[in-house]
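Everything below concerns the one structure shown next.
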Amino acid sequence: MSSDNQGIRPVPIDASPAAQANGVTPVNGHTPNGAQQFGSSERIQVINDEKNFTPDLASQIDRWGLRDVGFSYNIVAVFGSQSTGKSTLLNRLFGTTFDVMDESQRRQTTKGIWMCRGKGMGVMVMDVEGTDGRERGEDQDFERKSALFSLASSEILIINLWEHQVGLYQGANMGLLKTVFEVNLGLFGKKAQDGTSGRTLLLFVIRDHIGVTPLANLQATLTADLNKIWESLSKPAELQDRLLSDYFDLSFTALPHKVLAADKFESEVQQLRKRFVEKGREDYLFKSAYHKRIPADGVAFYMEGIWEQVQTNKDLDLPTQQELLAQFRCDEISTLALAEFNEQSKPQRRPVEAGRVVEGLGSMMRNWKTQALTRYDRDASRYHQGVYKRKRVDLLSVIDSTLSPLFLGQLKNLHKSCLVAFKKEMLEGMRGEGYNFAVVVNKAREKCETRFTEGAKEALLEDTDWTWEDEVELLREEVGIVADQCRKDETKKMVNLIERTCKRQISEPVDIHLNKAAPDMWDGVLIVFKTTLEKAEATYLTKAKSFNCTEEENTTALATLRKRAWLVLRAKIDEQVADPVILGKLRGHFEDRFRYDDSGVPRVWKPEDDIDSAFKKAKDQTLELIPRYSKIAPVDPSNEYTLPSEPSDSLSSTEEFDFPATLTVFTETKSLDLSARFRKDADAYYVEAKRSTVSSVAQIPYWMYGVLVILGWNEAMVVLFNPLYFAFLLCALGSAYAIVQLGLVGPLIQVSRTVAGEVQRQASDRLREHFSQPVLAQPIRSRSVDVDSNDGEDELRRRGGSPM
């Protein structure tokens, strides 16, 4: 509202007779809440001419006594051109005290929207600033918004117009009504369709009706014009089939000329007033269908919400003719500039979308943006500055929104490439021996963040709200995750390497101690294990310093190392006490004590030796080894080892590590089984020893040789004294001597074998040929039968067969 309207507005001396008749005294006053008081009535400016909604409406409704009436109230508004007597009509109908025009000056009287309570009525009346006023000129924004506000918030909208305006488009405010209907349908049409918002009555009051044109004809003209503009509205898709009658009821009345027929005018006004007051009339206007169903104490908040919706609705911001031209040309220029911009940026979109980092993308985007804005500024700056600047902002917004995906894609690709480069540099830095993990990770991290920051800054455009800090923080988090995972992997590798070293170091000493099977066998094994484990722990702690491991991680890793080292020891022990191995050790121990004497000399058993005592002693000593092998139990308590119960990742959470159970090498059942199997092997050695003594005793007596000489003397003499036998014997002996001396024993044996083989082959062929002859004769018999059956029968008889 302008400064001259902020205070008390003067009321003309010649106030309307109706106002004086209603007891309204033309005395100016100002209430504490900013409303103006005239006699017993107060009015308040709901919306000033600067489009600000008053915060005092709720308290004013309370002072009117309408706050607690619930739904027992009504709201009516007036709409029409400036200086058509709208305020005068409201004062006559409802006894309100709105300012009226000074007819000697014919200037704007009502500015903004005012509200007053009807005298003696539960009616809130709104007087709306007139349309088409010279004070606002081409600025029709407030007219549209005030008209839409009145239409949306009132039950009855009085449209005040002169008779000669009927049939005119602008004069009857049809263009303004079209805009208001269209926006009202978009904002509140859905609510009305769902029944959540009541219908509205449009009451056309035709002023200065002289009666030449009947009211019915005027009504038909106005109805046709309204239906025509309704059909031309741009409706939402879901409301395309809605009619004007679905949202509005139309009513028409005419009033005579206020000056030329003053008495008749006053009479008709009073008749119209009865339609607002007397509920029993058939033409009563305040029907329940028009009520918005808002309690009176919520009217202020409801109207404020409607005004906010009206204010923020862009469809009401219709431009003037200059702005129309500027909008058209600026849109064309903006479209051309944007088309060139898109052609320039299109080739770079595919590489970014493919995941590649485009070098110099930021400078390219700045160049595209500058060229587009330069082209727009050069051609559009000559037009309306408000439109030019607004469209420039829109163009800038479109350009930034088009470039934003490229910027975000570049950041994403930078993120991926920097992360890949970080992993690669970290792995390269950890090649070889003697590297410092912390130094490698810090160096790779610094390079990664520097590379990303430089790329992000290069791609960032000025005068945008784009940021890359969130992305770099995410990159730092992922780099930390990768580094931690790599550190864990390297720690595991180090633990595995130390474990293999432990296995290699303890393997030979454990074999030696377990093979000796001395009483302090386990003492030696555990001493070797402890020494090796201490070296392994020291090695781990030395290397772990460069990994920046926490105390908790070191504790976990050492616990893992201890358990794995112990399991390595147990695996080696299990390898040495497997059934074949332990039985071999027992047999070896038994043989050392049974087959060798105390000096280590092999024993040759004689009949007079005490084999039984030696066997029993060796067997008992060997059986004593089985309990010694069965459990890891050192003789010296100081050599005992207990594994600390600390958490480690060597076992799953569902499996518990039972260290005491690992001290048992094999169970009692297995000990008994080994004892039984060893006894069988020992018994075999005992039997073998016994047999050796029997074989030494069972030899040929010397007197048998004398018996053989006596009994064979005659035969020997016959051979010696027979010339033929003696000559043959001499030839055989000479031949044998010659063959041996000439080295012909081997060739002779080979020739003999060849001859024997050939004889065998020839014999086999002859036998096979002999037994196959009857079979070969069968075809001859068949041919004989075919030639001559009688001859065949004779042949068969001759061969010893029978005819068929």
Side-chain angles (χ1 to χ4, degrees), residues 330-380 388-429 440-486:
C330 289
D331 286 339
E332 282 189 337
I333 297 168
S334 177
T335 301
L336 291 175
L338 195 59
E340 293 182 0
F341 166 79
N342 288 330
E343 285 297 323
Q344 291 176 328
S345 62
K346 185 177 180 180
Q348 299 302 331
R349 293 177 186 170
R350 182 168 295 178
V352 173
E353 292 174 354
R356 296 197 297 269
V357 177
V358 179
E359 296 296 334
L361 180 63
S363 60
M364 287 189 286
M365 291 193 297
R366 293 184 192 92
N367 188 29
W368 304 334
K369 184 176 180 180
T370 301
Q371 290 181 11
L373 293 178
T374 302
R375 167 71 183 273
Y376 175 81
D377 293 338
R378 182 190 66 197
D379 298 335
Y388 155 70
K389 293 179 181 178
R390 187 170 65 251
K391 294 296 182 180
R392 191 181 193 276
V393 172
D394 293 342
L395 175 61
L396 189 61
S397 176
V398 173
I399 291 175
D400 289 342
S401 63
T402 304
L403 295 178
S404 178
L406 290 177
F407 172 74
L408 296 176
Q410 183 81 337
L411 289 186
K412 183 180 179 181
N413 298 339
L414 272 173
H415 183 115
K416 292 181 179 178
S417 64
C418 290
L419 196 61
V420 171
F422 170 77
K423 294 179 182 178
K424 182 178 179 182
E425 292 175 1
M426 198 167 58
L427 293 176
E428 288 179 354
V440 172
V441 171
N442 291 334
K443 185 177 179 181
R445 179 187 287 113
E446 184 178 353
K447 287 185 179 180
C448 175
E449 293 183 5
T450 301
R451 188 183 296 112
F452 180 84
T453 302
E454 291 176 354
K457 287 182 178 179
E458 193 277 333
L460 181 66
L461 297 185
E462 299 77 9
D463 301 326
T464 60
D465 57 351
W466 302 348
T467 60
W468 49 269
E469 285 77 8
D470 293 340
E471 193 69 25
V472 77
E473 287 298 326
L474 181 61
L475 177 63
R476 289 193 183 102
E477 292 179 3
E478 292 192 10
V479 164
I481 293 172
V482 172
D484 288 342
Q485 184 61 42
C486 185

Apply side-chain contact (heavy atoms from CB on, under 4.5 Å) to [X] and list each qualifying residue two or more places apart in sequence or on a separate chain.
| X | value |
| --- | --- |
| Gln371 | Gln344, Asn367 |
| Glu458 | Ser363, Arg366 |
| Ile481 | none |
| Lys346 | none |

Excluding sequence neighbours, so at least two apart, what forms side chain to side chain donor-acceptor pair (under 3.5 Å) with [X]?
| X | value |
| --- | --- |
| Arg375 | Glu340, Asp379 |
| Lys391 | Asp331 |
| Glu446 | none |
| Arg451 | Glu425 |

Go through the structure and list residues passing ring-ring contact (aromatic ring centres under 6.0 Å, His included) with Phe422, not counting sequence neighbours.
none
Which atoms form the tightest heavy-atom contact between [X] and [Y], and what is the distance?
| X | Y | value |
| --- | --- | --- |
| Ser334 | Leu395 | OG-CD1, 3.4 Å |
| Asn413 | Gly355 | OD1-CA, 3.2 Å |
| Pro347 | Pro351 | O-CD, 3.2 Å |
| Ala456 | Leu411 | CB-CD2, 3.5 Å |
| Val352 | Gln410 | CG1-N, 3.9 Å |
| Val357 | Ser417 | CG2-OG, 3.7 Å |

Quick one: which residue pairs count as a side chain to side chain donor-acceptor pair (under 3.5 Å) with a foot in residues 393-409, not counting sequence neighbours?
Lys369-Asp400
Can you tell me how far apart [atom1] ([X]) and [atom2] ([Y]) are? Round to the nearest 0.5 Å.
| X | Y | atom1 | atom2 | value |
| --- | --- | --- | --- | --- |
| Phe341 | Thr335 | CZ | OG1 | 14.0 Å |
| Leu475 | Cys418 | CG | SG | 6.0 Å |
| Cys330 | Arg392 | SG | CZ | 11.5 Å |
| Ile399 | Asn342 | CD1 | CG | 9.0 Å |
| Arg445 | Lys447 | CZ | NZ | 14.0 Å |
| Leu461 | Leu361 | CG | CG | 8.5 Å |

So ring pair (Phe, Tyr, Trp, His ring centres under 6.0 Å) across residues 456-475, not counting sequence neighbours, yields Phe407-Trp466
When the ring planes of Phe452 and His415 are compared, do they come out parallel, tilted or perpendicular, using 30° and 60° as the limits?
perpendicular
Would Asp377 and Tyr388 satisfy side chain to side chain contact (heavy atoms under 4.5 Å, CB included), going step by step from the backbone distance to the final call?
CA-CA 8 Å; Asp377 293 338; Tyr388 155 70; 3.0 Å; yes
Which pairs pass salt bridge (charged side-chain N to carboxylate O under 4.0 Å, His left out) with one or both residues in residues 404-419, sequence neighbours excluded?
none
Answer yes or no: is there a donor N or O on one side and an acceptor on the other, between the side chain of Glu449 and the main chain of Arg476, under 3.5 Å?
no
